[in-house]
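Okay, so here's the structure we're looking at.
Sequence lines set the chain letters: A, B, ... in the order given, protein chains first and strands last, and positions in each chain run from 1. Below, all heavy atoms of this structure are taken into account, side chains as well, without hydrogens, waters or symmetry copies.
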Number of protein chains: 2
Amino acid sequence: MTGGQTVGETQAPGAGRRPVFAAERRQRIIELLRVNGAVSLRELAQAVRSSEVTVRRDLRALEAEGLINRHHGGATLPGELSREPTYAQKAQVAAAEKAAIADLAASLVEDGDAIVVGPGTTTQEFARRLARHTELAVVTNSLLVAQALAGSPRIEVVLTGGTLRGSIHALVGSAAERSLAGLRVRRAFVSGNGLTAERGLSTPNTQVAGVDRALAGAAEEVVVLADHTKIGVDTMVQTIAVERFDHLVTDAGAPGDVLDELSGRGVRLHVARV
Amino acid sequence: MTGGQTVGETQAPGAGRRPVFAAERRQRIIELLRVNGAVSLRELAQAVRSSEVTVRRDLRALEAEGLINRHHGGATLPGELSREPTYAQKAQVAAAEKAAIADLAASLVEDGDAIVVGPGTTTQEFARRLARHTELAVVTNSLLVAQALAGSPRIEVVLTGGTLRGSIHALVGSAAERSLAGLRVRRAFVSGNGLTAERGLSTPNTQVAGVDRALAGAAEEVVVLADHTKIGVDTMVQTIAVERFDHLVTDAGAPGDVLDELSGRGVRLHVARV
DNA sequence: GTAGATCCGATCAGATTCGTTCTATTCCGA
DNA sequence: TCGGAATAGAACGAATCTGATCGGATCTAC
């Protein structure tokens, strides 16, 4: 990441690289926290290209202002959504596959796009990767996706209305579906609980299924994000048929036969290497 | 001799060394900042062909006028590195009062109610107090309010749709207002940035104001939550007139004359003791 | 519960930057 | 022509920032 240097050297030929102001670095740290929820000291130091000592000083200063919470080994934002479980938990989730999938999927998004993003832990990771884009319009029914993008002023985030389903922090119901009715975007990035070559995406909940269908219906192309643990799994309600798939982003652990089958049906595959 | 390369021949050929006026140089500095966002002192000195001392003087003058922000090693435009997203800091202002107000306001809610809750740090606290209620239906445009209630299975949380305003984590815009159009609930619990006896509730943002009005319009009774730091303050856009107030919940630090005036206009007062 | 590894805080040193003071130059009016 | 005022550059001590190191605290694994 690091998104490159903010200040381009459009002029001043031969001038040495401008030193990064402390305030600049601190803002960048906050941005990183806002995007990633919890970041280790080492990662921060690497991202801002400073020593860990310096970052530690910054964190201390930011903590004094009440802008962040420090933890052993890193920092988090204070009292943001359910990123509570923080650090230890996040690290142990072994979200390596999801992170890789999210990275790859983010490369399918271009500046200026209008996209739809569904709920799910993978799509949430994906949303965090979008922070570096500009002029993006993102429609979602997931509070966590919205939250991940709330700090990015260059991204317009639109939430569907609807009834909150607390367990997944997403909006469902007729209001949610209705609010998507008149919408048309380029791509939908959705996930689910199960994915088979025969029945496509599926979820155990009918309300969630209804919104998932509406999300896909609002997009020209459907991009499915699914790690290998979901592939071959079938749950109660089918949400999106394979015929509607345009892209599948998964990881190298996915069973080859299912991928072949999907590929044979015209789905473009993107396999992330962890 | 100050070297041959001084103020010299960058322009005005034949006119014989016109000095670069200070105002001109400063204008140039601002332009450079505007283009590059953040520029080091050295670069500035090089760009305007003056010594660093001179540029330093200019920067000091420009800072005094509020046109730039100085940093160690350079300068930026005021907006560039602003640490505005002070939501965390806002929550710390009068935190004890807000908690007491939230407690008191929660006693105005009965099991089985349908209510509307607006955005704000106070209403967020208020929402947390609602978790103990049952059979409640809560409509809100605040992600933080929704989040506070996400874990309560006996409360139905409905979010309006709309565009996410990241700084306050609330949904605004025409979609938000439209989704409230057909709604009717018993009470609306709203807050704002300022409250006077003459102009009622106000907020600095027009979009927020629009939704606030729609929230109040969906309820039979309006309950205003405002700690003493907001009373007597008037900001740009009026959202809800005093005539629409039914209850005001505030703390003991509120100025008596304003309270009297409001009471005289038929507003029922609830003063929380911290 | 102990041992090992990691992380944190404090102190020190090097480098850069800042503010102040002093000096030189130019412009303008008498 | 002379002198005052304003501006720009130079020099030096003070303050700030950054990175390195080391002892102590904390966390994790066994």
Is any side-chain nitrogen or oxygen of A:Thr54 closer than 4.0 Å to OP1 or OP2 of D:dG19? yes
Under 4.0 angstrom between B:Arg60 side-chain N/O and C:dT20 OP1 or OP2: yes
State which residues pass ring pair (Phe, Tyr, Trp, His ring centres under 6.0 Å) with A:His270; sequence neighbours excluded, sorted by chain then number. A:His247
To the nearest 10 degrees, the angle between the two end axes of the helix from C:dG1-D:dC30 to C:dA30-D:dT1 (five pairs per end) comes to 30°
With B:Arg26, which residues qualify under side-chain hydrogen bond (donor to acceptor under 3.5 Å, both in side chains), at least two apart? B:Asp58
My understanding is that only residues two or more places apart in sequence, or in another chain, count here; which of them pass side-chain hydrogen bond (donor to acceptor under 3.5 Å, both in side chains) with A:Asp251? A:His228
Using side-chain contact (heavy atoms from CB on, under 4.5 Å) as the criterion, list what pairs up with [X], not counting sequence neighbours.
X	value
A:Ala150	B:Leu164, B:His169
A:Asp113	A:Val109, A:Glu110, A:Ile115, A:Leu136, A:Arg186
B:Val53	B:Ser51, B:Arg57

Donor-acceptor contacts under 3.5 Å from residues 59-66 of chain B side chains, at least two apart:
none

Atom CZ of B:Arg49 and atom P of D:dG9 are separated, to the nearest Å, by 13 Å
Base, backbone or nothing for each nucleotide of nucleotides 1-7 of chain C, written B, S, -, heavy atoms under 4.0 angstrom, 5' to 3'? ------S
Using only modelled atom types and a 3.5 angstrom limit, is any donor from either the side chain of B:Arg57 or the base of C:dG19 paired with an acceptor on the other? no
